[in-house]
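As structure tokens, the structure follows; a few thoughts come after it.
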Amino acid sequence: AGWFRRLLHKPKPSSVEHSLNASHSASSSPSSSSAGSSGSSPSTAVARPVRPSPVVVPDINASGSARWDKSYDVCICHSEVDLELVEELASYLEAQPESLRCFLQLRDAAPGSAVMTELCDAVQNSHCWVMLITPGFLRDPWCRYQMHQALAEAPMANGRTIPVLKDVDRKDYPRELRSLYYIYMALKESSFRQIRDTVVRYLQELCRSSASSME
């Protein structure tokens, strides 16, 4: 009986214990074949940084761009008394690398055509509208009419209507435009540059949206 009890309580063979330890260590460490194929241990591997894709600026001068869907890039709405300043602005915009196409009513309207027709056509055939708001603008009913046509053409504005204030108090800023930021013309050159940048930015976004919709 004594030898039978010792047989029942005999410890497991060391070979079984060794195999269990070996299987545990194999499951918790990478295999030698994978380490050998990479050539370096996982602890020394360096992750490569992911670089963001560069932002592509569309070429608004490209022959197939949406810019050419309209006759003019910008229509400048102004009073007759401000013609000299507006001609300077148009010359500046047209001399830029983008060669922005400007419509000036007193320069580009067809002789003999109806004023109302010309104003509506100018709004519909232009991408952006610059409203040069001066005391003369506020007194001119045709300027008001053209402003309302532009707002009706693009109620949400999205950069197409560009108010420019000159010699006008903020309290006299037209109520119809008060949902839009304006450019205050203090220094002529910086204001001209702001107008140019706003028009070009809109044209770039227009071309980008058009290209995305075609993909």
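Side chains included, hydrogens not; waters and symmetry mates left out as well; all remaining heavy atoms used. On a predicted model such as this, the values are computed, not experimentally measured, just so you know.
- Qualifying side-chain hydrogen bond (donor to acceptor under 3.5 Å, both in side chains) partners for D197, counting only residues two or more places apart in sequence or in other chains: none.
- The list of salt bridge (Lys or Arg N to Asp or Glu O under 4.0 Å) pairs with a residue in residues 166-186, not counting sequence neighbours, reads R144-E176.
- Once rounded to the nearest 0.5 Å, the distance linking SG of C77 with CD of Q105 reads 7.5 Å.
- Here the closest heavy-atom approach between residue E98 and residue N61 is recorded as O-OD1, 3.6 Å.
- The CD1 atom of I195 sits 11.0 Å away from atom CG of L100, with the distance rounded to the nearest 0.5 Å.
- The backbone N or O of V123 sits less than 3.5 Å from a side-chain atom of W129, completing a donor-acceptor pair.
- Expressed to the nearest 0.5 Å, how far NE2 of H148 lies from CD of E153 amounts to 15.0 Å.
- Take T198 and apply the side-chain hydrogen bond (donor to acceptor under 3.5 Å, both in side chains) test, not counting sequence neighbours, and it matches no residue.
- For residues 88-115, the pairs satisfying ring-ring contact (aromatic ring centres under 6.0 Å, His included) are Y72-F103, Y92-F192, with sequence neighbours left out.
- Annotation for C120 and Q149: closest pair SG-OE1, 3.7 Å, computed over non-hydrogen atoms.
- Heavy-atom minimum distance, A66 versus C207: N-SG, 4.0 Å.
- Considering only residues two or more places apart in sequence or on other chains, E205 meets the salt bridge (Lys or Arg N to Asp or Glu O under 4.0 Å) condition with R208.
- From K70, atom NZ reaches atom CD of Q124 across 7.5 Å, with rounding to the nearest 0.5 Å.
- The main-chain N or O of F137 is never found under 3.5 Å from a side-chain atom of H78 such that the two would form a donor-acceptor pair.
- Take K188 and apply the side-chain hydrogen bond (donor to acceptor under 3.5 Å, both in side chains) test, not counting sequence neighbours, and it matches E88.
- Applying the salt bridge (Lys or Arg N to Asp or Glu O under 4.0 Å) test to every pair with at least one member in residues 100-121, sequence neighbours left out, gives these pairs: D73-R101, E94-R107.
- In this structure, the side chain of S209 does not engage the main chain of L206 through any donor-acceptor pair within 3.5 Å.
- One finds the CG atom of D140 at 9.5 Å from the CD atom of Q146 (value rounded to the nearest 0.5 Å).
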- Item | Steps toward side chain to side chain contact (heavy atoms under 4.5 Å, CB included) verdict (I162, L180) | CA-CA 8 Å; I162 308 168; L180 307 177; over 6 Å; no
- Verdict with reasoning, H127 to L203, per side chain to side chain contact (heavy atoms under 4.5 Å, CB included): CA-CA 8 Å; H127 288 295; L203 293 176; 3.7 Å; yes
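- With side-chain heavy atoms closer than 4.5 Å counting as contact, directly or through intermediates, the hydrophobic cluster containing V115 also holds M116, L119, W142, Y145.
- Here the shortest heavy-atom pairing between I183 and Q194 reads CG2-OE1, 3.6 Å.
- With sequence neighbours left out, D82 forms a side-chain hydrogen bond (donor to acceptor under 3.5 Å, both in side chains) with S79, T134.
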- From CA spacing to verdict: side chain to side chain contact (heavy atoms under 4.5 Å, CB included), L93, V199: CA-CA 10 Å; L93 296 176; V199 174; 5.6 Å; no
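- The shortest non-hydrogen separation linking Y173 to I133 is CE1-CD1, 3.9 Å.
- Counting side-chain heavy-atom gaps under 4.5 Å among Ile, Leu, Val, Met, Phe, Trp and Tyr, L187 is found in no cluster with other residues.
- Note that CZ of R67 is 11.5 Å distant from CG of D69, once rounded to the nearest 0.5 Å.
- Nearest heavy atoms, S191 versus M185: OG-CA, 3.2 Å.
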